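These notes are about the structure you will find just below.
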Amino acid sequence: FETREVVNFAGEVDSKYLRTLDELVIAQQQAGQPEKAVLAVCKQGFPDAVVWNPDREKARSMNDMAEEEFAKFVCVEAGIVDENAELTPGNQWSGVMTLKAL
């Protein structure tokens, strides 16, 4: 499990983050430019998050990703990764993940 507040991509990333904020911001930085927030992942009912990028080598084996697209790709998902989620008969659970362009 990861604890970093900022994740930079210098290779493959496949990390789980526990008890994250309900709004996770994805920022982009281009050479010589200041960092710019581009997307917010807003979540309700999910305590955790997963961040994933395949990097060059794994992207080559993926049929749905062109060879250099990994450099413009990040997967951020809301989830329940630290504990089992159990829903007993008669009860209900709700979870929402919303993407917001900034």
Side-chain angles (χ1 to χ4, degrees):
F1 294 104
E2 280 277 355
T3 58
R4 296 180 289 172
E5 288 187 22
V6 175
V7 180
N8 296 309
F9 296 87
E12 182 180 354
V13 174
D14 191 1
S15 299
K16 301 170 188 171
Y17 294 84
L18 306 180
R19 294 171 287 288
T20 60
L21 298 173
D22 286 338
E23 183 173 287
L24 308 171
V25 177
I26 299 171
Q28 183 177 36
Q29 186 173 21
Q30 297 180 0
Q33 299 292 319
E35 188 175 273
K36 179 182 176 186
V38 294
L39 189 70
V41 177
C42 305
K43 59 189 187 68
Q44 296 173 325
F46 296 102
D48 310 317
V50 175
V51 177
W52 178 72
N53 177 281
D55 199 36
R56 177 176 277 115
E57 201 59 41
K58 193 172 271 185
R60 284 184 181 139
S61 67
M62 299 172 68
N63 294 333
D64 60 348
M65 186 176 292
E67 190 169 325
E68 295 300 317
E69 282 184 339
F70 76 91
K72 299 176 183 177
F73 169 86
V74 63
C75 177
V76 178
E77 297 177 282
I80 302 173
V81 298
D82 187 37
E83 54 192 57
N84 291 329
E86 184 177 327
L87 189 61
T88 57
N91 288 317
Q92 57 184 325
W93 173 84
S94 175
V96 177
M97 183 176 103
T98 306
L99 303 177
K100 180 171 57 173
L102 302 175

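Just so it is clear, the structure is predicted and the values come from calculations on it, not from any experiment.
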In terms of hydrophobic clustering (I, L, V, M, F, W, Y; side-chain heavy atoms under 4.5 Å; direct or indirect links), are [X] and [Y] co-clustered?
X    : Y   : answer
V96  : L87 : no
V38  : V74 : yes
L39  : F46 : no
L102 : L24 : no

Any [X] side-chain heavy atom under 4.5 Å of [Y] side chain:
X   : Y   : result
P47 : I80 : yes
K16 : D82 : no
V50 : V76 : no
V41 : M97 : yes

For K43, run the side chain to side chain donor-acceptor pair (under 3.5 Å) check against T20, D48, T98 and tell me which one passes.
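The option that passes is T20.
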On a heavy-atom basis, which atom in [X] and which in [Y] lie closest, and how many Å separate them?
X   : Y   : answer
P54 : M65 : CG-SD, 3.9 Å
S61 : K58 : OG-O, 2.8 Å
A37 : V25 : CB-CG1, 3.7 Å

Please report the interatomic distance CD(Q28) to NZ(K72), rounded to the nearest 0.5 Å.
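Taking CD in Q28 and NZ in K72, the distance rounds to 9.5 Å.
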Applying side-chain hydrogen bond (donor to acceptor under 3.5 Å, both in side chains) as the test, list every pair that has at least one member in residues 87-97; sequence neighbours left out.
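Non-adjacent pairs meeting side-chain hydrogen bond (donor to acceptor under 3.5 Å, both in side chains): T88-N91.
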What residue pairs, at least two apart or across chains, pass ring-ring contact (aromatic ring centres under 6.0 Å, His included) with a residue in residues 70-91?
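The answer is W52-F73.
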Could you give me the CA-CA distance, side-chain angles and deciding distance for R56 and E68, then say whether side-chain contact (heavy atoms from CB on, under 4.5 Å) is met?
CA-CA 7 Å; R56 177 176 277 115; E68 295 300 317; 2.9 Å; yes
What residue pairs, at least two apart or across chains, pass salt bridge (Lys or Arg N to Asp or Glu O under 4.0 Å) with a residue in residues 92-102?
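Qualifying pairs: E23-K100.
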